[in-house]
Amino acid sequence: MKNFEKFYINGAWVDPLSTARLSVINPATEMPFATIAMGSKADAERAIEAARAAFTSFSETSFDERLALMERILSILKRRNDEIGDMISREMGAPIAMARAEQAGIGIAHFSATIEAMKSFAFEYMQGTTRIVHEPIGVVGMITPWNWPMNQIACKVAPALATGCTMVLKPSEIAPLNAILFAEVLDEAGVPKGVFNLVNGDGPTVGAVLASHPDIDMVSFTGSTRAGISVAQAAAPTVKRVHQELGGKSPNIVLRSADLEKAVAAGVRRCCDNSGQSCNAPTRMLVPMESMDAAIDIAIRTANSITVGAPDNEATVIGPVVSEAQFDKIQGLIKAGIDEGAQLIVGGPGRPAHLNSGYYVRPTVFARVTNDMTIAREEIFGPVLSILGYDTLEEAVAIANDTPYGLAAYIQGDLAEAQALSRKLRAGTVRVNASSWDGFAPFGGYKQSGNGREYGKFGLHEFTEIKGVVGYLDA
Ligand SMILES: NC(=O)c1ccc[n+]([C@@H]2O[C@H](COP(=O)([O-])OP(=O)(O)OC[C@H]3O[C@@H](n4cnc5c(N)ncnc54)[C@H](O)[C@@H]3O)[C@@H](O)[C@H]2O)c1
């Protein structure tokens with residue numbers, strides 16, 4: 001059992017003031033393998049004080065100093081990538097190769113993209129005789145989830161450092177160890193003391209302090225809509241900026257012009273990727289009604305080809321889901337799908353037959369789902385796909401937009417048709433056909449999927465205040 005019971009505050013690894021501890025569980029074995037300290041209100045306040053004290057000097061560093069710092073971080077992240085990936089695999093169950101290449105690799109991608117973006121970002125410019133200045137917003141509280149842990153940490157910390165903010169990070173208590181390695185990277189890179197601080201703990205204790213504290217100028221939250229609302233409520237009396245990246249129930253519209261085989265197979269795989277634990281997973285596939293039977297055939301074949309297994313086995317495509325609570329929640333939603341009359345075509349309740357321990361879920365597809373069913377409305381966060389039929393394109397758009405969420409939407413088919421359709425979808429990201437991830441594209445949600453945008457120049461914008469110095473030049 002490894003002990004990770006220190007916090008990183010004011011440039012040093014310090015003992016917590018709190019005595020509470022939590023075991024970190026490997027979801028593949030259901031066994032604890034490490035412990036962390038769970039911070040108290042006093043631990044959070046100590047970190048906020050350090051970040052506040054560091055703000056004046058860090059906000060006055062030059063662009064070149066911050067660029068050099070970002071480049072040092074990037075090179076250390078590259079060196080330690082596999083170690084970070086292995087840790088993520090152990091604590092949240094992602095298959096080892098994917099954990100290294102994608103889960104950890106995305107941290108590198110965000111630092112690279114932010115470095116590129118900061119080089120062309122207009123931090124200051126003239127507008128008539130007024131000087132427009134983007135200044136760092138101040139001390140940022142960051143609260144992150146377990147599903148793509150390094151993604152969320154990097155896409156907040158990179159723009160915050162690039163703009164001259166100081167920060168306190170509270171990562172998910174369910175997958176907290178990658179954040180400890182990340183803090184080691186920042187320490188080695190020479191981030192000035194107090195600029196980056198890490199306190200582990202739970203949401204209602206440490207998270208709530210970050211949300212409500214008057215010395216925090218902005219809280220950047222990624223997680224469930226439920227917790228995002230609590231954060232916004234706690235933040236309201238101090239009128240800080242609240243940036244939320246929340247849940248999703250993203251539609252994937254398969255147009256009549258699409259290659260059905262390719263589109264359905266890719267949609268099933270994408271929904272199950274990361275064991276279905278992606279906020280932007282395409283979980284509602286919309287197919288033309290007359291193609292429903294053919295789509296069912298393709299979905300069954302594809303789901304059966306997804307190998308579920310131990311994260312350290314190279315043949316594994318998807319590992320376990322993160323926790324017992326998540327496993328139980330998914331099982332309950334699969335049961336709701338069956339009880340409400342959706343057609344279960346592959347997968348279903350329980351673990352895959354060859355696995356009798358670990359939080360493994362069978363890739364599951366329901367067909368002939370209607371958009372009022374629980375499985376079409378609630379975020380499941382497991383490898384569970386709903387296929388819905390549509391007759392007209394107008395109907396497809398109405399179904400796609402009939403959700404409280406608006407994080408992402410997907411379109412498969414003719415490019416010109418997809419371009420026109422993309423404007424009708426109420427979602428922060430629309431992905432057309434087999435487009436690959438774009439670390440410079442804005443990422444964030446419409447409706448109850450959040451507010452604000454991350455990634456590239458949009459992240460830089462998010463972490464700044466805009467000042468107008470009127471009369472900067474004589475008229
Ligand atoms: N939109 C996005 O960018 C995005 C990305 C990844 C995950 N998510 C969402 O995250 C959820 C899964 O992650 P999770 O289970 O870790 O979510 P969660 O909301 O339970 O926890 C997220 C973080 O919030 C903290 N937290 C919980 N309650 C809090 C409170 N009352 N006050 C302050 N902090 C609190 C947790 O400790 C954790 O650090 C899904 O709903 C998913 O869609 C969204």
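In each ligand, atom 1 is the first atom listed, and ligand 1 is the first ligand listed.
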Only pairs at least two apart or in different chains count here, so list each ring-ring contact (aromatic ring centres under 6.0 Å, His included) that has a residue in residues 144-179.
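Matches after skipping sequence neighbours: W146-F381.
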Residues 9-20, side-chain donor-acceptor partners within the protein, below 3.5 Å, at least two apart:
from, atom 1, to, atom 2, distance (Å)
D15, OD1, K6, NZ, 2.7
S18, OG, A20, N, 3.0
S18, OG, M38, O, 2.6

Could you tell me whether [X] and [Y] have a side-chain N and a carboxylate O separated by less than 4.0 Å?
X	Y	value
R377	D372	no
D217	R52	yes
E49	R46	no

Identify, with sequence neighbours excluded, every residue that meets salt bridge (Lys or Arg N to Asp or Glu O under 4.0 Å) alongside K240.
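Expected list: none.
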Within the protein, residues bringing a heavy atom under 4.0 Å of ligand 1, chain by chain:
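The 4.0 Å shell around ligand 1 contains I143, T144, P145, W146, N147, Q152, K170, P171, S172, E173, G203, G207, A208, F221, T222, G223, S224, R226, A227, S230, V231, E245, L246, G247, C279, E379, F381, L407, F443.
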